[in-house]
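Data first, discussion second: the structure below is written as structure tokens.
Residue numbers run from 1 in the order of the sequence given. The model shown is predicted, which means the values in this text are computed figures rather than measured ones.
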Amino acid sequence: TELCNAVDDDCDNGNIGGGIDEDYPLNQACDSSADVDSCQEGTYICNATKDGVDCINDGAIVILTGDRVDGNKIVNEAEPNHDGSLTGSINVVSGTKTGSGFDVSGGGYVQIAHHAGFNSLPTTGVSYLWWAKSNGSPNWYAGQHIHRGNNTSDAAITIYHFGAHPSIPNWSAQDRVAPYFNVGGTWTSCGGSILKPADGWAHFAVTQDADVANNQTTTRFYRDGNKVKECVHSGLVANPKSALKVGRGWQSAFPGQIDEFAMYRYAVSDNVVKSIKDFGIPASVRNHEICDGLDNDCKAGTDEGYTAELG
């Protein structure tokens, strides 16, 4: 019997219709049950029991831009029914890096409520990608670009933007953007990069690749498409079951602008990070049906439900 294991179990390699793992649709496009669209953005690989396949790396789960805002609602272009909200003093501004983005200098933020799709991230891995522009150092010693957690003890991710330290003059970490997270029950970090107002727009990315079998997580931090640092930590990233916040965290606001935020349910590759930085988030993963002449969610047809959706 041919198993899915890179071995010719039935010894028919070279025969018509034979080969290695020939009974399985390996590397073919697929749509996983983990997301809510019907677009085939994933790839089949052998499953753990070697008797079938799993669909992995099936697109983004969050895409947020200022171009899809209706009142206080922001459309999550990656997944229907998981839209976000604008909370507090936040302004949608045009002429940002990719169109319209968010000025969060007033302390407001974009929020997406926790849902079941976030629960698997410690084992599937996760990626965060975004553009940021600083208007100055945070008033307190640390603001946040992105935050998923209730505090530092359980946060899955906190992207700090450090300001002036209240008790350390000429603090070397001022204006440093750095990812912090709880992995294996330990609060830790991986790399960092200085972002000053004079730098203008910068693209950041954090990927976290889970190795469940060896109980470890590999985190990579990127600036402008280039990998700054890679870290391997024992254990898996925490699951705080809290909302995703873009623009501030549990401490303080980021005094600046954020644009084109994306989150994936796996660790995207170095090449994908660079491609998104250079060319933007691909249209193929924008799966919330909008009125653009395309079948974004790969379901009932082109622009279906648009009138009902936007009233």
Side-chain angles (χ1 to χ4, degrees), residues 62 104 107 109-112 114 118 121-132 134 137-168 171-196 202-211 215-224 226-256 258 261-265 267-268 273:
V62 177
V104 294
Y109 54 93
V110 180
Q111 175 171 292
I112 289 187
H114 175 81
F118 288 171
L121 299 179
T123 56
T124 64
V126 62
S127 299
Y128 308 89
L129 306 97
W130 71 103
W131 286 95
S134 174
S137 295
N139 292 329
W140 201 47
Y141 81 94
Q144 288 93 33
H145 292 199
I146 299 163
H147 185 68
R148 281 184 58 234
N150 300 298
N151 47 51
T152 56
S153 66
D154 70 352
I157 191 72
T158 294
I159 306 298
Y160 279 115
H161 188 117
F162 293 109
H165 197 282
S167 60
I168 303 177
W171 191 33
S172 61
Q174 185 168 346
D175 297 312
R176 180 178 173 89
V177 178
Y180 280 71
F181 43 90
N182 188 302
V183 58
T186 300
W187 184 243
T188 188
S189 64
C190 183
S193 182
I194 299 294
L195 178 64
K196 293 180 177 291
H203 189 264
F204 295 98
V206 175
T207 69
Q208 295 183 299
D209 194 359
D211 182 351
N215 190 37
Q216 64 183 27
T217 301
T218 300
T219 300
R220 301 175 182 92
F221 176 64
Y222 302 80
R223 165 78 179 264
D224 291 328
N226 300 308
K227 184 163 57 180
V228 175
K229 191 169 184 179
E230 178 174 318
C231 311
V232 178
H233 295 99
S234 178
L236 302 179
V237 173
N239 179 17
K241 297 185 178 181
S242 60
L244 166 70
K245 294 181 179 180
V246 178
R248 72 166 297 143
W250 67 282
Q251 289 176 304
S252 185
F254 164 54
I258 289 180
F261 170 84
M263 179 177 171
Y264 287 71
R265 193 187 282 106
V268 301
V273 171

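- Summarising the geometry of Ala253 relative to Pro138, their closest heavy-atom pair is O-CB, 4.2 Å, with the distance given to 0.1 Å.
- Screening residues 240-254 for salt bridge (Lys or Arg N to Asp or Glu O under 4.0 Å), with sequence neighbours left out, gives no hits.
- The two residues Pro122 and Ala210 make their nearest non-hydrogen contact at O-CB, 3.2 Å.
- Heavy atoms only, all atoms of each residue included: Trp171 and Ala164 are closest at CE3-C, 4.4 Å.
- Summarising the geometry, atom CG belonging to Leu236 is positioned 10.5 Å from atom OG1 belonging to Thr124; distances are rounded to the nearest 0.5 Å.
- Taken to the nearest 0.5 Å, the OH atom of Tyr180 stands 14.5 Å off from the NE2 atom of His147.
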- Evaluate the side-chain contact (heavy atoms from CB on, under 4.5 Å) criterion for residues Phe204 and Leu195: first the C-alpha distance (whole Å), next the side-chain angles of each, then the deciding distance (0.1 Å), finally the verdict. CA-CA 10 Å; Phe204 295 98; Leu195 178 64; 3.9 Å; yes
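- In this structure, the separation between CE on Met263 and CG on Leu121 is 5.0 Å, given to the nearest 0.5 Å.
- When atom types are taken as modelled, the side chain of Ser127 and the backbone of Thr207 share no donor-acceptor pair closer than 3.5 angstrom.
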- Please step through side-chain contact (heavy atoms from CB on, under 4.5 Å) for the pair His161 and Asp175, ending with a clear verdict. CA-CA 6 Å; His161 188 117; Asp175 297 312; 4.1 Å; yes
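- Annotation: the span from Leu244 atom CG to Arg148 atom CZ amounts to 7.0 Å, rounded to 0.5 Å.
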Identify each donor-acceptor pair in which a side-chain atom of residues 183-194 lies under 3.5 Å from a protein atom, sequence neighbours left out, and give them as a table.
{"from": "Thr188", "atom 1": "OG1", "to": "His233", "atom 2": "NE2", "distance (Å)": "3.4"}
{"from": "Ser193", "atom 1": "OG", "to": "Arg223", "atom 2": "NH1", "distance (Å)": "2.6"}

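- Residues Leu129 and Tyr264 are in side-chain contact: their nearest non-hydrogen atoms beyond the backbone lie under 4.5 Å apart.
- Applying side chain to side chain contact (heavy atoms under 4.5 Å, CB included) to His145 and the options Thr158, Ile157, Val177 leaves one that passes, Val177.
- More than 12 heavy-atom neighbours from other residues, nucleotides or ligands sit within 6.0 angstrom of NZ on Lys227.
- In this structure, Ser134 and Phe254 have side chains that are in contact, with non-hydrogen atoms separated by less than 4.5 Å.
- Asp224 and Ala202 get closest at one heavy-atom pair: OD1-CA, 3.5 Å.
- For the pair Phe118 and Val126, the minimum side-chain heavy-atom distance is 4.5 Å or more.
- Remark: Arg176 CZ to Lys196 NZ distance equals 12.5 Å, nearest 0.5 Å.
- Of the inter-residue distances, the one linking Asn226 atom CG with His203 atom NE2 reads 11.5 Å to the nearest 0.5 angstrom.
- Side-chain atoms of Asn182 and Asp154, non-hydrogen and from C-beta on, never get closer than 4.5 Å to each other.
- Minimum interatomic distance between Phe162 and Ala142 (heavy atoms only, all atoms of both residues): CD2-CB, 3.8 Å.
- Contact check for Trp130 versus Val246: no side-chain heavy atoms found under the 4.5 Å cut-off.
- A 4.5 Å side-chain heavy-atom check between Phe181 and Thr217 finds every atom pair outside the cut-off.
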